[in-house]
S.K.: 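Can you keep this structure in mind? I'll have questions shortly.
Everything numeric here is computed off the predicted structure, so don't read it as measured data.
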Amino acid sequence: MIGRGDKEAADQAAVDAMRHVLDSVSFDGVVVIGEGEKDEAPMLYNGEHIGDGSLPQVDIAVDPLEGTRLCALGMPNAITVIALAERGAMFDPGPCVYMEKLAGGPEIADLLDLERPLPQTLNLIAQRKGVDIRDVVVTMLDRPRHHEQMAAVREAGARVRLIIDGDVSASLLAVSDNSPVDVLWGIGGTPEGVISASAIKCLGGQLLGRLWPRDEQERELAQAAGYEIGRVLTVDDLVKGEHVFFAATGVTDGDVLQGVRYPGGGKASTESLVMRTRSGTVRRIHARHDRAKLRALNAARFDI
């Protein structure tokens with residue numbers, strides 16, 4: 001589906017493939033972060049039980065295709081992601097679709113603060129890293145709601161690196177070694193914030209989040225459900241415990257992962273990032289696939 005211009009079909013293919021595999025896993029999983037409510041998403045919806053029902057009991061967060069538009073247009077940084085933690089460990093976004101986020105790697109984690117103006121934080125980061133403020137790079141979604149902060153960052157002397165979609169991928173980039181990006185800031189999806197926190201808890205660093213209701217009705221619904229709108233959430237609030245697993249595979253080529261490639265001869269190659277908190281192990285896996293054998297194995301339920 002890469003480059004075919006149909007983001008709905010691309011997303012459905014990803015959901016079908018992920019659901020097919022998860023059905024075979026030995027666990028009792030509940031989708032905490034999924035494709036939406038049951039009426040909107042026939043599979044991998046919030047609250048859906050997956051796996052064969054055996055122990056362990058776990059929370060699951062999925063984004064079968066982060067960057068549906070990126071995939072459809074053949075643009076960089078479309079990925080597929082899944083995170084897993086103990087039952088009850090993952091933050092449930094409830095009615096809040098968006099949150100303000102600030103993320104960075106271990107070297108600057110203690111400097112991150114959503115209560116402080118971002119330009120001041122960028123100056124502290126520059127001092128910590130021993131660089132000029134002009135060499136500090138902030139990545140954020142290219143959205144009208146960010147224009148004021150973009151101007152403030154540039155006025156402070158720092159640089160802005162805009163992304164069209166995909167702030168899980170951008171969060172990974174912000175905490176990765178030898179990254180061209182120092183920090184991620186922006187108002188993006190709360191579900192993506194939970195998934196990003198799962199990855200950052202494995203990699204090290206920090207992600208701070210603060211719920212951002214889109215209107216007064218959403219604010220009232222959140223408050224009625226017991227959410228503290230002004231509270232700043234850390235990675236440990238978004239994903240509790242020390243048994244957290246995260247995996248991502250590149251769909252299109254990007255800054256963090258190489259996308260799926262087709263060298264010919266019925267073959268394909270993928271690159272994945274797989275990690276967990278308890279051991280601190282981070283694996284980068286390059287795999288080769290025989291597409292004919294995969295199709296036969298999966299009984300032609302989806303085209304690979």
S.K.: Calculate, to the nearest 0.5 Å, the distance between atoms CG and CG belonging to D113 and L118 respectively.
M.R.: 10.5 Å

S.K.: Please determine whether the number of non-hydrogen atoms from other residues, nucleotides or ligands lying under 6.0 Å from atom CZ of R87 exceeds 12.
M.R.: yes

S.K.: Do the side chain of T190 and the main chain of V97 share a donor and acceptor less than 3.5 angstrom apart?
M.R.: yes

S.K.: If you count heavy atoms of other groups shown closer than 6.0 angstrom to OH of Y98, is the number above 12?
M.R.: no

S.K.: On a heavy-atom basis, which atom in D59 and which in A89 lie closest, and how many Å separate them?
M.R.: OD2-N, 3.1 Å

S.K.: Given side chains that start at C-beta, do those of R69 and M75 come closer than 4.5 Å, heavy atoms only?
M.R.: no

S.K.: Ignoring hydrogens, what is the shortest heavy-atom contact between A197 and V239? Give both atom names and the distance.
M.R.: CB-CG2, 4.0 Å

S.K.: Check whether E48 reaches the backbone of Y45 with its side chain - one donor and one acceptor, N or O, closer than 3.5 Å.
M.R.: yes

S.K.: Could you point out which residue of T139, I163, L173 forms a side chain to side chain contact (heavy atoms under 4.5 Å, CB included) with D255?
M.R.: L173

S.K.: Atom CZ in R288, atom NZ in K267: separation rounded to 0.5 Å?
M.R.: 8.5 Å

S.K.: On a heavy-atom basis, which atom in L207 and which in S196 lie closest, and how many Å separate them?
M.R.: CD1-CB, 3.8 Å

S.K.: Considering only heavy atoms from C-beta outward, does the side chain of P119 approach that of Q149 to under 4.5 Å?
M.R.: yes

S.K.: Mind checking whether Q258 and S269 have side chains closer than 4.5 Å, heavy atoms only?
M.R.: yes

S.K.: So if you build clusters from Ile, Leu, Val, Met, Phe, Trp, Tyr with side-chain heavy-atom gaps below 4.5 Å, do L84 and I82 land together?
M.R.: yes

S.K.: Heavy-atom count around E216 CD within 6.0 Å, excluding the residue itself: above 12?
M.R.: yes

S.K.: According to a hydrophobic-cluster definition based on side-chain heavy atoms being under 4.5 Å apart (Ile, Leu, Val, Met, Phe, Trp, Tyr only), do L273 and I195 belong together?
M.R.: yes

S.K.: Is the side chain of D215 donor-acceptor paired with the backbone N or O of E218 at a distance under 3.5 Å, no angle test?
M.R.: yes

S.K.: Determine yes or no for a side-chain-to-main-chain donor-acceptor pair under 3.5 angstrom, with K201 supplying the side chain and L238 the backbone.
M.R.: no

S.K.: Is a donor on one side and an acceptor on the other found under 3.5 Å between the side chain of Q206 and the backbone of V235?
M.R.: yes

S.K.: What's the spacing between L70 CG and K7 NZ if we round to 0.5 Å?
M.R.: 10.0 Å

S.K.: Less than 4.5 Å apart, side chain to side chain, heavy atoms only: is that true for S198 and M90?
M.R.: yes

S.K.: Determine, for D290 against R295, whether the closest basic-nitrogen to carboxylate-oxygen distance falls under 4.0 angstrom.
M.R.: no

S.K.: Enumerate the residue pairs fulfilling ring pair (Phe, Tyr, Trp, His ring centres under 6.0 Å) with a member in residues 46-86, sequence neighbours excluded, ordered by first and then second residue.
M.R.: none

S.K.: Would M99 and L233 count as a side-chain contact (heavy atoms from CB on, under 4.5 Å) here? Give the steps.
M.R.: CA-CA 10 Å; M99 67 164 35; L233 304 165; 4.3 Å; yes

S.K.: Using a strict 4.0 Å threshold on nitrogen-to-oxygen distance, state whether R128 and D110 make a salt bridge.
M.R.: yes

S.K.: If only atom types and distance count, is the side chain of E66 paired as donor or acceptor with the main-chain N or O of V168 below 3.5 Å?
M.R.: yes

S.K.: Do V282 and I79 sit in the same hydrophobic cluster, where Ile, Leu, Val, Met, Phe, Trp and Tyr count as joined when their side-chain heavy atoms come under 4.5 Å apart?
M.R.: yes

S.K.: Test N123 against Q127 for side-chain hydrogen bond (donor to acceptor under 3.5 Å, both in side chains), laying out the working first.
M.R.: CA-CA 6 Å; N123 273 294; Q127 293 171 26; 5.4 Å; no

S.K.: Can you see which heavy atom on I229 is nearest to which on A222, and at what distance?
M.R.: CD1-CB, 3.7 Å

S.K.: Around atom CZ of R145, are there more than 12 heavy atoms of other residues, nucleotides or ligands at under 6.0 Å?
M.R.: yes

S.K.: For D253 and P76, indicate whether the former's side chain and the latter's backbone hold a donor-acceptor pair under 3.5 Å.
M.R.: no

S.K.: Any salt bridge linking R4 with D6? Criterion: basic side-chain nitrogen under 4.0 Å from a carboxylate oxygen.
M.R.: no

S.K.: Answer whether the closest heavy-atom distance between the side chains of V131 and D182 falls below 4.5 Å.
M.R.: no

S.K.: Within the structure provided, determine whether L172 and F246 are in side-chain contact (heavy-atom separation under 4.5 Å).
M.R.: yes

S.K.: Just distance, no hydrogens or angles: give the donor-acceptor pairs under 3.5 Å from side chains in residues 24-33, sequence neighbours left out.
M.R.:
{"from": "S24", "atom 1": "OG", "to": "V21", "atom 2": "O", "distance (Å)": "2.6"}
{"from": "S26", "atom 1": "OG", "to": "D52", "atom 2": "OD2", "distance (Å)": "3.3"}

S.K.: Give the intermediate values and the outcome of side-chain contact (heavy atoms from CB on, under 4.5 Å) for residues R143 and I187.
M.R.: CA-CA 9 Å; R143 300 290 189 269; I187 297 162; over 6 Å; no

S.K.: Salt-bridged, D135 to K129, with N to O below 4.0 Å?
M.R.: no

S.K.: Could you grab the distance from atom CZ of F245 to atom SG of C202, nearest 0.5 Å is fine?
M.R.: 8.5 Å

S.K.: A quick test of your reading: do over 12 heavy atoms of other residues, nucleotides or ligands sit less than 6.0 Å from CD1 of I164?
M.R.: no

S.K.: Do E107 and I125 pass the side-chain contact (heavy atoms from CB on, under 4.5 Å) test, and can you show the C-alpha distance, the side-chain angles, and the key distance before you say yes or no?
M.R.: CA-CA 9 Å; E107 183 183 357; I125 290 171; over 6 Å; no

S.K.: Quick check: closest heavy atoms across P106 and L203, and the distance to 0.1 Å?
M.R.: CG-O, 4.5 Å

S.K.: For T68 and D11, indicate whether the former's side chain and the latter's backbone hold a donor-acceptor pair under 3.5 Å.
M.R.: no

S.K.: Just by modelled atom types, is the C71 backbone N or O under 3.5 Å from a matching donor or acceptor in the T252 side chain?
M.R.: no

S.K.: Do the non-hydrogen side-chain atoms of L141 and H146 ever get within less than 4.5 Å of each other?
M.R.: yes

S.K.: Between R19 and E35 (salt bridge meaning N to carboxylate O under 4.0 Å), is one present in this structure?
M.R.: no

S.K.: Closest heavy-atom contact between A85 and V244?
M.R.: CB-CG2, 4.2 Å

S.K.: Can you check side-chain contact (heavy atoms from CB on, under 4.5 Å) on L257 and R284, steps first, answer last?
M.R.: CA-CA 9 Å; L257 288 164; R284 191 172 290 271; 3.6 Å; yes

S.K.: Rounded at 0.5 Å granularity, tell me how far CZ in R261 sits from OG1 in T270.
M.R.: 11.5 Å

S.K.: Please examine the side chains of R231 and D237, heavy atoms only from C-beta on, and report whether any two atoms are closer than 4.5 Å.
M.R.: yes

S.K.: Between atom CD1 of I200 and atom OG1 of T277, what is the distance when rounded to the nearest 0.5 Å?
M.R.: 13.5 Å

S.K.: Please say yes or no: joined through hydrophobic side-chain contacts below 4.5 Å, possibly via intermediate residues, are M1 and V251 part of one cluster?
M.R.: no

S.K.: Is there a continuous path of hydrophobic side-chain contacts, each under 4.5 Å between heavy atoms, that joins V232 to W212?
M.R.: no

